Amino acid sequence: MTSFPFDGIALGCDYNPEQWPRSVWPEDIALMQEAGVGFVTLGVFSWALLEPEPGRFDFGWFDEILGLLHEGGIAVDMATATAAPPPWLTAAHPEMLTVDEFGHTLWPGSRQSWCPSSPVFREHALRLVAEMARRYGEHPAVRLWHVSNELGCHNGRCWCDVSAAAFRAWLADRYGDVEKLNDTWGTAFWSQHYASFDEVLPPRITPAVPNPTHQLDFARFCSDELLDYHRAERDVLRDICPSVPVTTNFIISSHQSEQDYFSWAPDMDVIAQDHYLDHRLPHVHAEQAFTDDLTRGVAGGAPWLLMESATSAVNWQPVNIAKRPGELLLDSLRHVARGADAVAFFQWRASRAGGEKFHSALVPHAGRDSMKFREVVELGAALTAIGEVAGSHVVADVALLWDWNAWWACDLGSHPSAEVRYVDAVHRWHKAVTDAGATADVVSPSADLSGYKVVVVPTLYLVDDTLAPALAEVVARGGHVLVTYFSGIVDTCDHIRLGGYPGAFRELLGVRSEEFAPLAPGATVTLDDGGTADLWTELLTTAGAEVVASYTDGPLPGTPAVTRNGTAWYIATRLDEAATAALAERVLDEAGVTRTGSDGVEVVRRGKYVFVLNRSSTEAVVPVTGTELISGTAVAGSVSVAAGCAAVIRAAVIQEGT
Ligand code: GAL
């Protein structure tokens with residue numbers, strides 16, 4: 001990865017000037033300067049206006065706005081403008097449209113109307129990319145290229161005939177011999193044996209349960225296919241203007257699982273991520289903290305760029321919750337605390353027309369004279385004040401393992417319980433660790449685990465053969481490993497690891513389970529330490545481990561629910577939130593992890609900088625000595641942070657408990 005493209009902790013936004021008359025543009029620049037906007041993302045959805053007819057380009061208006069931005073001292077993250085093809089292209093080539101698993105075409109009239117495998121789309125898109133690169137690659141305002149937009153948003157998976165052919169080519173490349181595919185997919189089951197790759201289709205709707213490895217490979221193919229598309233645009237850009245770094249904005253979120261971003265990361269010059277609070281979830285800010293920690297994991301610990309977020313409500317949830325006063329600053333600083341070196345938003349000015357006209361922006365419909373714009377100005381000032389934080393690294397004692405392949409496989413159908421959802425399990429344990437006052441890096445199972453005191457492995461259903469030995473090394477050096485139910489069950493082909501559950505981790509955990517006994521929705525069981533649990537139990541016996549807690553009722557009274565084999569813990573059920581929290585605290589304390597903060601008060605360290613984010617309703621007091629950067633005041637011994645407020649302290653000394 002190259003050096004970060006923007007200065008300090010930059011404030012940025014998507015800018016769509018084509019939605020406004022030219023007379024508004026000078027005011028835009030002036031207001032951007034007032035707010036301290038350091039960069040804008042330009043051109044994301046501009047294709048139809050930049051190339052109004054095939055091969056005829058109109059860059060005049062774009063030159064003009066780029067000139068205004070540059071004169072105004074605002075840098076540009078230049079989109080390649082290929083996210084939404086113009087109507088002339090989809091009209092001429094309907095074969096490039098995406099098709100769903102039922103065979104329905106998804107028609108134009110929205111955005112991202114293109115199949116990731118379409119050669120005709122690629123040809124036209126790369127021609128535009130080359131034009132953009134030639135015209136703007138040397139422009140002094142352009143600091144970063146932004147390939148397409150959120151690759152995979154709306155069109156991450158396509159089941160059309162073009163995709164089918166590309167899938168077959170991907171399979172032939174992966175397996176070489178169709179008999180290898182037959183073994184891997186277990187096609188002896190239900191007469192699914194293939195005589196040739198030509199017989200394979202994408203997993204379209206079937207009368208009964210589809211082959212799970214077929215589904216898993218299709219998920220892998222779809223991720224690879226879009227990465228291949230990214231590389232094609234990136235290569236054009238690098239050929240023409242090699243000095244400008246290239247990225248695309250990832251969508252690492254709890255409702256989007258179609259890209260394996262660990263495999264994408266090495267192709268990015270800087271990791272960029274979009275994040276919107278999801279008010280459909282029970283713990284909205286915990287999810288933000290989790291996603292930020294995962295983004296940092298994808299970035300290998302390096303600072304990353306928050307490319308999009310919302311100043312207030314979005315427009316795409318059933319009820320779009322607005323941010324209350326102060327939340328914009330607090331939520332933005334949470335991203336920075338967890339590794340972001342820029343905070344950007346969709347979008348500069350709230351649209352007058354179109355499908356996103358009720359989405360919040362930096363300049364709301366009410367205009368400059370609004371609480372929102374005043375908060376944006378305040379945020380810009382705060383980010384400027386903490387600019388020296390840029391480049392510092394988050395300090396974490398805990399690793400929590402995350403894997404897209406495991407997500408895809410865990411959430412397939414025909415499992416012991418459809419109630420077991422990978423993301424739920426991961427969120428629950430990440431929240432418990434965070435609320436207990438620790439910081440977790442969310443990393444790939446193949447990451448280097450040597451620096452962590454605790455490694456949490458929530459419901460990691462699919463694992464390769466290297467993970468159990470890596471976890472055994474953590475335990476051997478005195479680190480703690482905490483594994484939860486339905487982990488280590490299958491190999492990377494989604495084949496069961498035989499001999500008893502939890503397959504890959506039996507020896508590490510010193511347990512063996514013969515049968516799963518999931519609980520009906522709403523049913524709970526009681527543990528002999530007073531806790532309760534739901535969702536999952538299993539017929540577990542110890543083989544070296546010590547029993548920490550057992551069931552007193554439910555289908556398996558007297559059976560172990562929580563065990564430990566030295567410092568290797570197994571949680572064979574879904575503990576209630578209080579019991580999860582208590583166990584997390586116990587493990588962190590035994591492992592010697594320093595805990596600061598609590599549920600509602602996040603304390604996160606980036607190098608010598610201590611972030612205190614107080615979401616609670618009471619004042620928080622945190623021990624630290626140094627300088628609070630937003631106010632510029634000295635802090636001696638401890639900092640008091642009012643409810644709903646935040647502080648960023650350059651610590652003179654890192655004290656015990658900080
Ligand atoms: C993102 C997208 C933006 C905008 C935003 C609204 O997914 O990249 O263009 O649509 O959502 O929340």
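FYI, the numbering just counts along the sequence from 1. Everything numeric in this text was worked out from a predicted model, so none of it was measured. Note that ligands are numbered from 1 as they come in the structure, with each ligand's atoms numbered from 1 the same way.
Residues Tyr422 and Trp402 bring their aromatic ring centres within 6.0 Å. Ring pair His283/His427: centre-to-centre distance not below 6.0 Å. With ring centers used as reference points, His359 lies under 6.0 Å from Tyr276.
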Please tabulate protein-ligand N/O pairs under 3.5 Å for ligand 1, atom names and distances to 0.1 Å.
from	atom 1	to	atom 2	distance (Å)
ligand 1	7 (O)	Glu150	OE1	2.4
ligand 1	7 (O)	Glu150	OE2	3.1
ligand 1	8 (O)	Asn149	ND2	2.8
ligand 1	8 (O)	Glu150	OE1	3.2
ligand 1	8 (O)	Glu150	OE2	3.4
ligand 1	8 (O)	Glu308	OE1	3.1
ligand 1	8 (O)	Glu308	OE2	2.8
ligand 1	9 (O)	Arg111	NH1	3.1
ligand 1	10 (O)	Arg111	NH1	2.9
ligand 1	10 (O)	Arg111	NH2	3.1
ligand 1	10 (O)	Glu356	OE1	3.4
ligand 1	10 (O)	Glu356	OE2	2.3
ligand 1	12 (O)	Trp316	NE1	2.8
ligand 1	12 (O)	His359	NE2	2.7

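With sequence neighbours excluded, no residue forms a salt bridge (charged side-chain N to carboxylate O under 4.0 Å, His left out) with Glu308.
If you check the side chains of Asp267 and His230, you find no donor sitting under 3.5 Å from an acceptor.
A salt bridge links Asp217 to Arg220: one of the charged nitrogens lies within less than 4.0 Å of a carboxylate oxygen.
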